[in-house]
Amino acid sequence: MSKLIHPIAGTVALVTILSFWLATVWSEAFAGEQAVRMVKTLVPYGFFILVPALMAAGGSGFSLGKNMRGPLIVAKKKRMPIIAANGLLILIPSALYLSFKARTGAFDMDFYVIQAIELIAGAANITMLSLNMRDGHRLSRRRAGHPETGGA
């Protein structure tokens, strides 16, 4: 069951974070204040999709990797605490703060500083989740008997 849940949950988590990030950049770059307000107000509601997806991906990944060894597994296991800490300590608090500020129309220096931090942290998580997905594809091909996937 973990072999089915893990890639689906990981993909949902990555696509959700990517959609938050792209919506933020798009609204700031090409749309007006109303679009920024809407995006920042709606992002926390996306946590109802994101948090369970990340929990399912983490739990199923832990289950799948508990008896596995090798550099790809080590790399994935090293990234996960960073991804989790980044999300819990930076991304979620930032999103909640920015949502509050946007709903009140307070697009001040604090808003933009926190938004810049959020975009950098979000890009880091997108990168690390993408690397985990890449490594997961390599592992699943290797287990399926496709040696052309190469080394670690």
Side-chain angles (χ1 to χ4, degrees), residues 1-29 31 35-103 111 113-152:
M1 185 60 107
S2 290
K3 286 181 184 180
L4 178 65
I5 291 172
H6 188 67
I8 293 170
T11 300
V12 168
L14 178 57
V15 168
T16 303
I17 293 170
L18 189 58
S19 69
F20 294 166
W21 198 90
L22 290 173
T24 295
V25 170
W26 173 84
S27 67
E28 284 291 348
V36 173
R37 181 176 288 139
M38 182 181 69
V39 167
K40 292 289 134 190
T41 299
L42 292 176
V43 163
Y45 292 103
F47 295 161
F48 292 109
I49 296 168
L50 178 60
V51 172
L54 286 170
M55 290 171 59
S60 60
F62 181 77
S63 176
L64 285 169
K66 68 182 169 190
N67 295 322
M68 296 177 75
R69 302 285 179 262
L72 294 177
I73 293 294
V74 170
K76 285 175 66 97
K77 286 181 178 181
K78 281 184 180 178
R79 286 185 207 116
M80 286 313 299
I82 299 167
I83 292 167
N86 194 10
L88 291 172
L89 301 175
I90 298 171
L91 292 171
I92 289 175
S94 295
L96 294 173
Y97 176 78
L98 293 170
S99 178
F100 170 77
K101 296 284 274 187
R103 281 184 277 130
F111 178 89
V113 167
I114 297 300
Q115 183 158 279
I117 292 167
E118 180 191 50
L119 286 170
I120 293 166
N125 268 13
I126 289 165
T127 300
M128 288 184 284
L129 287 167
S130 296
L131 291 171
N132 276 4
M133 182 178 280
R134 179 203 64 194
D135 292 347
H137 284 254
R138 288 178 177 171
L139 287 165
S140 63
R141 281 187 293 219
R142 197 174 286 161
R143 279 186 303 203
H146 298 282
E148 68 274 4
T149 59

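Position 1 is the first residue of the sequence, and the numbers go up from there.
- Distance check, rounded to the nearest 0.5 Å: CG of Leu131 to CZ of Arg134 gives 5.0 Å.
- Distance check, rounded to the nearest 0.5 Å: CG of Leu42 to CZ of Arg37 gives 12.5 Å.
- Considering only heavy atoms from C-beta on, Ile114 stays 4.5 Å or farther from Lys101 through its side chain.
- Of the possible donor and acceptor atoms, one in the side chain of Trp21 sits under 3.5 Å from a partner among the backbone N and O of Leu119.
- Atoms CG and CG, on Leu14 and Leu129 in that order, are 5.5 Å from each other to the nearest 0.5 Å.
- Evaluation of the side chain to side chain donor-acceptor pair (under 3.5 Å) test over residues 115-124, restricted to residues two or more places apart or in two chains, returns Glu28-Gln115, Lys40-Glu118.
- Looking at Leu96 and Phe47, their side chains come closer than 4.5 Å, going by heavy atoms from C-beta outward.
- With hydrogens and angles ignored, the 3.5 Å screen pairs a side-chain donor or acceptor of Asn86 with a backbone N or O of Ala121.
- Closest approach of Ile17 and Gly122 over heavy atoms only: CG2-O, 4.3 Å.
- Residue Val12 comes nearest to Ala53 through the heavy atom pair CG1-CB, 3.8 Å, listed as atom of the first residue, atom of the second, then distance.
- When every heavy atom of Ala75 is checked against every heavy atom of Asn132, the shortest pair comes out as O-OD1, 4.4 Å.
- A pairwise comparison of heavy atoms in Ile82 and Asn125 identifies O-OD1, 4.4 Å as the closest pair.
- In terms of modelled atom types and a separation under 3.5 Å, the side chain of Ser99 and the main chain of Ala95 share no donor-acceptor contact.
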Let me see the working for Phe20 and Ile126 under side chain to side chain contact (heavy atoms under 4.5 Å, CB included), right down to the final yes or no.
CA-CA 11 Å; Phe20 294 166; Ile126 289 165; over 6 Å; no
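- Note: Ile117 CD1 to Leu98 CG = 9.5 Å, rounded to the nearest 0.5 Å.
- Smallest separation of non-hydrogen atoms from Pro93 and Gly87: CD-O, 4.0 Å.
- One finds the OG atom of Ser94 at 11.0 Å from the CZ atom of Phe111 (value rounded to the nearest 0.5 Å).
- Residue Leu91 holds its CG atom at 11.0 Å from CD1 of Ile120, rounded to the nearest 0.5 Å.
- In terms of heavy-atom proximity, Thr16 sits nearest to Ile49 at OG1-CG2, 3.7 Å.
- Within the structure, side chain to side chain donor-acceptor pair (under 3.5 Å) contacts touching residues 43-65 (residues at least two apart or in different chains) are His6-Ser60.
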